[in-house]
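Data block below; observations after.
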Number of protein chains: 2
Amino acid sequence: MHTYRGYYTSAMNLADTSDGDLTQRLKRRGWRLSAQRRVVAEVLQGEHVHLTAEDVFARAHVRLAEISQATVYNTLRELVAMGEVRVVTPPDGVKRYDPNVLVDHHHLMCMRCQLLKDVHPDGESGVTLANSERFGFDVWGFDIIFKGVCPSCKGRST
Amino acid sequence: MHTYRGYYTSAMNLADTSDGDLTQRLKRRGWRLSAQRRVVAEVLQGEHVHLTAEDVFARAHVRLAEISQATVYNTLRELVAMGEVRVVTPPDGVKRYDPNVLVDHHHLMCMRCQLLKDVHPDGESGVTLANSERFGFDVWGFDIIFKGVCPSCKGRST
DNA sequence: TTATCTGCAAAGGCTTTGCAGGTCG
DNA sequence: CGACCTGCAAAGCCTTTGCAGATAA
């Protein structure tokens with residue numbers, strides 16, 4: 001297991017589901033809330049699409065010029081380790097960070113520009129794996145990624 | 001669009017569905033079949049789990065000591081560009097290569113050791129996205145990744 | 001106060017690329 | 001023969017880390 005730079009233990013691994021406000025939840029956990037961490041949390045919450053670390057840094061930097069990339073990366077990694085943020089990795093291998101861990105959902109991605117959005121598909125609850133298809137695994141969930149082309153990309157040539 | 005090192009045009013983008021043998025299909029496409037490329041294709045076909053580029057290189061190197069990592073990476077990228085191999089990117093961001101493009105299927109992954117297997121879920125065909133959930137995208141498909149823990153990892157502590 | 005966090009810059013893992021030489025068809 | 005492919009080594013991206021100074025509680 002990774003050390004997550006030593007700041008967290010795996011005991012802190014269950015997201016509190018009583019409140020939709022990430023910053024509040026972090027405070028309630030007793031997370032040391034520096035200006036940098038608050039800004040990262042705010043940026044994540046303020047978006048309806050899912051951002052890369054670079055995106056988060058860019059937006060955070062506007063609000064707090066002194067923030068560093070390392071801190072953004074470290075903070076995101078810790079939020080994921082705590083279970084307060086979910087990571088989605090598209091085929092390009094660049095991680096996106098999804099702050100919405102309170103409501104079950106899946107994703108829709110533009111295969112052209114990599115835009116990633118939340119969706120709530122129909123029929124999703126009927127998806128199961130037969131025992132013969134489980135190969136002895138303990139299966140605890142699944143993610144669906146819908147693939148398509150977004151409105152702005154439809155017009156473009158490449 | 002990427003250039004795929006210039007060897008392929010986007011016109012060569014549809015996988016031939018008439019034969020399960022990758023090497024045969026490549027030959028039929030008129031792909032210049034060097035020893036290196038043949039070995040990469042063979043390694044992919046011979047596995048029932050999906051390998052990383054590093055795995056492919058290791059196995060290929062056993063069969064053909066002179067093969068280089070660069071060639072493995074380039075060959076894999078080209079196979080993907082041709083549509084003869086599919087890429088799956090787990091949360092760790094390390095790409096896995098799936099030679100089975102002829103039969104629709106989804107994946108089951110061990111979240112501990114990252115082992116990736118093919119599966120054919122029940123109810124999968126009922127999954128759809130309502131128009132209100134499409135946000136103007138043209139949606140052409142979806143991937144499902146089942147998450148779990150494999151038999152060998154169940155016994156371990158970490 | 002002091003354990004924890006931050007910024008910087010360097011390092012690390014995976015993948016791509018420039019180029020000179022070799023090879024398939 | 002000639003277009004295409006390979007290996008090597010260097011470079012590129014994204015992400016992590018060591019460390020000294022700063023800071024929340």
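Being a predicted model, the structure only gives us computed values, none of them experimental.
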- Query: Can you check the A:Asp92 CG to D:dC14 C1' distance for me, whole Å?
  - Reply: 11 Å
- Query: Toward the 5' end of DNA chain C, which comes first, A:Val72 or B:Val94, by nearest nucleotide?
  - Reply: A:Val72
- Note on the structure: Nearest heavy-atom contact between B:Phe57 and B:Ile67 is CE1-O, 3.4 Å
- Query: Transitive ILVMFWY cluster of B:Trp140 at side-chain heavy atoms under 4.5 Å: who else is in it?
  - Reply: A:Val88, A:Met109, A:Met111, A:Leu116, A:Ile145, A:Val149
- Task: Could you tell me whether the phosphate oxygens of C:dT16, OP1 or OP2, come under 4.0 Å of any side-chain nitrogen or oxygen in B:Arg77?
- Result: yes
- Message: Nearest to the A:Ala70 side chain among C:dC5, C:dC8, D:dC8, which nucleotide is it?
- Response: C:dC8
- Message: Quick check on the helix from C:dT1-D:dA25 to C:dG25-D:dC1: what's the angle between its two end axes, five base pairs per end, to the nearest 10°?
- Response: 40°
- Only pairs at least two apart or in different chains count here, so list each salt bridge (charged side-chain N to carboxylate O under 4.0 Å, His left out) that has a residue in residues 129-142 of chain B. A:Lys154-B:Asp138
- Under the 3.5 Å rule, do the base of D:dC4 and the side chain of B:Arg32 count as making a donor-acceptor pair? yes
- Query: Rounded to whole angstrom units, what separation is found between the CG atom of B:Leu76 and the C1' atom of C:dT15?
  - Reply: 11 Å
Can you give each donor-acceptor pair under 3.5 Å made by side-chain atoms of residues 121-128 of chain B, sequence neighbours left out, with the distance rounded to 0.1 Å?
residue	atom	partner	partner atom	Å
B:Glu124	OE2	B:His106	NE2	3.2

- Could you give the CD1-to-P distance, from A:Ile67 to D:dA22, as a whole number of Å? 18 Å
- Query: Does a nitrogen or oxygen in the side chain of A:Tyr73 sit under 4.0 Å from OP1 or OP2 of D:dT15?
  - Reply: yes
- Item | Donor-acceptor pair, side chain of A:Arg29 and main chain of A:Met82, under 3.5 angstrom | yes
- For A:Lys117, what residues pass the side-chain hydrogen bond (donor to acceptor under 3.5 Å, both in side chains) criterion, not counting sequence neighbours? none
- One should read off an interatomic distance between A:Glu66 CD and A:Thr71 OG1, to the nearest 0.5 angstrom, of 11.5 Å
- Hey, is the side chain of A:Gln36 poking within less than 4.0 Å of OP1 or OP2 on D:dT23, counting only N and O atoms? no
- Could you check how far CG of B:Leu79 sits from P of C:dT16, rounded to whole Å? 13 Å
- B:Arg37 side chain N/O closer than 4.0 Å to the phosphate oxygens (OP1, OP2) of D:dC5? yes
- Can a side chain N or O of A:Thr52 be found less than 4.0 Å away from OP1 or OP2 on D:dC14? no
- Item | d(CG, B:Leu33; P, D:dC5) in whole Å | 11 Å
- Query: Does B:Thr71 place a side-chain N or O at less than 4.0 Å from the phosphate oxygens OP1/OP2 of D:dG7?
  - Reply: yes
- Round to the nearest Å and state the distance from B:Glu54 atom CD to C:dC14 atom P. 6 Å
- To the nearest angstrom, how far is B:Arg29 atom CZ from C:dC24 atom P? 21 Å
- Item | Rounded distance (Å) that lies between atom P of D:dA10 and atom CG of B:Asn74 | 18 Å
- Message: Can you work out whether B:Gln69 or A:Glu66 has the more 5'-proximal nearest nucleotide on DNA chain C?
- Response: A:Glu66
- Item | Pairs meeting criterion salt bridge (charged side-chain N to carboxylate O under 4.0 Å, His left out) with involvement of residues 88-108 of chain A, two or more places apart | A:Asp92-A:Arg96
